[in-house]
Amino acid sequence: MDWPWRGGLGYYAPVRSSKSKGRGRHLSDQRVGIGRRDFLRRCGISGYGLAPAILKIHKAPPIPAPVPWFWDAGSRTLLSTFRDTCGSPAKEYLVETVGSGLALFDYNNDGWLDVLFVNGSTFQILADPALPPTSSHLFRNNGDGTFTDVTIESGLVNTGWGMGVAAADYDGDGFTDVFITNFGTNALFHNNGDGKFTNVTKEAGLEGGNWSTGCAWGDFDGDGRLDLYVARYVDFDRTRIPAPGGMSYCLYHGVPVACGPQGLPGLPDLLYHNEGHGKFREVSNDAGVRDSDRAYGFSVVWCDFDNDGHLDAYVANDSTPNYLWHNKGNGTFEEIALEAGCAVSRDGRPQSSMGIAAGDYDNDGWMDIFVTNFSEDFSTLYNNKNGQFDDVTYEAGLGSAAYKQLKWGAGFVDFDNDGWQDLFVANGHIYVQADKAGNSYRQHNQLFRNMRDGRFTLLPDDQSGFREARSSRGAAFAYLDNGRQPTIVVNNIDEEPFVYSPLNSSRAHWVRLKLVGSGFNRNAIGARVRLTAGGETQTGEVRSGGSYISTSDFRIHFGLGEKTFADEVEIRWPSGRLERHERLAADREYQFAEKSES
């Protein structure tokens with residue numbers, strides 16, 4: 001199948017005047033601004049190769065759904081015993097404000113997905129060995145809606161100041177391993193296959209250093225082994241950081257707050273090549289991933305954005321333009337976010353980006369990007385047409401629905417099984433002082449329903465079921481009960497997590513696929529699936545990493561609405577092999593294993 005890449009033309013749009021106070025911006029009119037194509041036309045530049053931002057129209061409206069959609073089952077599941085420790089209550093330093101991610105994966109191969117919460121720390125704990133350290137927490141799924149904390153017995157104990165997590169079977173032994181980024185030394189935990197993990201960071205060469213954030217596994221060079229992208233944030237030295245209010249970047253609406261990231265030095269990202277035999281080699285410069293701007297990296301996702309069969313990497317950068325590392329197919333990359341239209345907002349502004357949702361929300365076969373951003377700004381929806389992106393945030397109804405919120409974890413997920421991906425966003429401010437500055441530290445999370453015409457509509461809290469406000473960070477999505485609808489798990493700073501269990505009684509049909517790759521990539525990360533039912537086609541992709549520094553269910557789930565079977569399912573394995581299946585009955589999970597070369 002021919003999925004070509006179409007290049008575009010770079011542009012710089014003038015930035016409208018804005019008044020900055022700390023990290024937030026007050027914009028005179030978020031709707032006004034020169035569009036990318038308008039800029040090209042006014043300059044007399046040809047738009048050849050730029051696909052128009054035409055939104056797909058579906059005549060049938062969404063089926064009314066019972067409300068609320070979710071309820072918080074944290075206490076029932078026993079996951080509410082966890083707390084993400086994030087520094088002091090005053091949050092005087094940036095590292096105390098950004099929070100942690102989580103991973104949902106099956107660590108013991110019993111068919112039930114387990115929950116790993118990454119945990120932060122405090123400066124006091126790091127400085128005093130006599131104090132009990134904080135730790136990540138692994139909860140085993142009991143298969144009855146409850147979970148048991150198995151952290152100590154499993155050995156998956158990350159005692160650093162934890163940030164992000166990406167789970168994957170990096171050595172092809174059939175058991176899922178875990179990589180955790182830290183403020184400090186990173187950690188790789190090898191799954192021994194007996195319910196226990198071993199810290200093999202030093203032997204693997206993945207220690208990193210200083211402050212790493214997002215991470216994601218993906219085979220970028222097609223050798224069958226999973227490589228690792230690690231985003232890094234600020235070169236942080238507490239002894240050199242000004243006190244809250246000590247400089248212009250330490251104020252939020254005139255209120256003294258933690259300093260940064262602007263005004264602080266950034267760190268280059270790291271790209272590790274899997275050499276086999278448990279060893280990795282840092283190859284960012286050799287591969288062309290030269291983060292010479294030292295952007296403030298947060299989340300990262302591997303995804304084939306141009307449909308050429310090679311995984312690209314998209315990085316959400318805080319206060320600086322985002323990166324799109326285009327995979328050239330020869331083991332090297334080129335940074336093309338500006339040319340491709342997904343580096344900045346429509347009006348040319350670098351935004352303060354946190355998390356990433358990648359998915360085909362308009363069912364046209366091209367993976368779109370939703371990037372969560374800081375408060376007093378909109379999160380940005382980039383619509384993908386033939387590998388070229390357009391900022392369609394306002395056209396999609398997402399421009400003003402979350403202006404005051406500070407947005408983090410996000411995901412495109414078909415929550416009602418109607419065949420169209422909805423959008424979840426986790427919210428929470430970084431400044432506890434936000435309540436004194438006209439905003440709120442604790443904020444409600446949001447659920448946007450896909451209206452099937454390129455637009456989304458925000459469900460009120462009483463319809464979504466997100467009735468309680470906290471300062472949320474990492475979010476991940478999984479079918480924890482192996483049922484028809486997903487659970488949303490959210491890591492919250494200093495408070496118990498949210499476990500949004502589906503309450504929607506919709507009888508819409510579905511099909512779910514568990515893919516088992518051959519060779520070393522047993523999780524089939526990077527596999528692309530197209531499902532056609534009733535003349536409509538959906539696209540999914542297996543990933544490790546994304547949202548805000550978190551990992552979700554590897555399985556690909558498709559809603560079918562009223563359709564009782566899928567006409568055709570096409571799998572493009574990471575190796576490039578194509579495999580097709582016909583007339584799959586609805587309301588079942590199928591497992592497909594890639595056939596090895598004879």
Pair Arg455 + Asp453: basic N to acidic O under 4.0 Å: yes
Residues Arg281 and Asp286 bridged, charged N to O under 4.0 Å: yes
Between Asp312 and Phe305 (side chain of the first, backbone of the second, donor and acceptor by atom type, cut-off under 3.5 Å), is there such a pair? yes
Under 3.5 Å, is there a donor-acceptor pair between the side chain of Arg528 and the main chain of Glu541? no
Rounded to the nearest 0.5 Å, what separates atom [atom1] in [X] from atom [atom2] in [Y]?
X	Y	atom1	atom2	value
Leu515	Glu579	CG	CD	8.5 Å
Leu104	Phe139	CG	CZ	12.5 Å
Asp304	Arg572	CG	CZ	4.5 Å
Asp177	Asp171	CG	CG	5.0 Å

Please examine the side chains of [Y] and [X], heavy atoms only from C-beta on, and report whether any two atoms are closer than 4.5 Å.
X	Y	value
Glu335	Pro321	no
Asp291	Arg232	no
Tyr229	Asp227	no

Is it the case that Arg473 places NZ or CZ above or below the six-membered ring of Tyr548, under 6.0 angstrom from the centre and within 45 degrees of the axis? no
Pair Phe456 + Tyr361: ring centers closer than 6.0 Å: yes
In terms of relative ring orientation, are [X] and [Y] parallel, tilted or perpendicular, with 30° and 60° separating the classes?
X	Y	result
His273	Phe220	perpendicular
Phe105	Phe197	perpendicular
Tyr170	Trp217	parallel
His557	Tyr479	parallel
Phe298	Tyr233	parallel
His581	Phe592	parallel

Can you spot which of Asp390, Asp364, Asp368 makes a salt bridge (Lys or Arg N to Asp or Glu O under 4.0 Å) with Lys385? Asp364
In terms of heavy-atom contacts, Gln485 and Asp416 come closest through NE2-CA, 4.5 Å
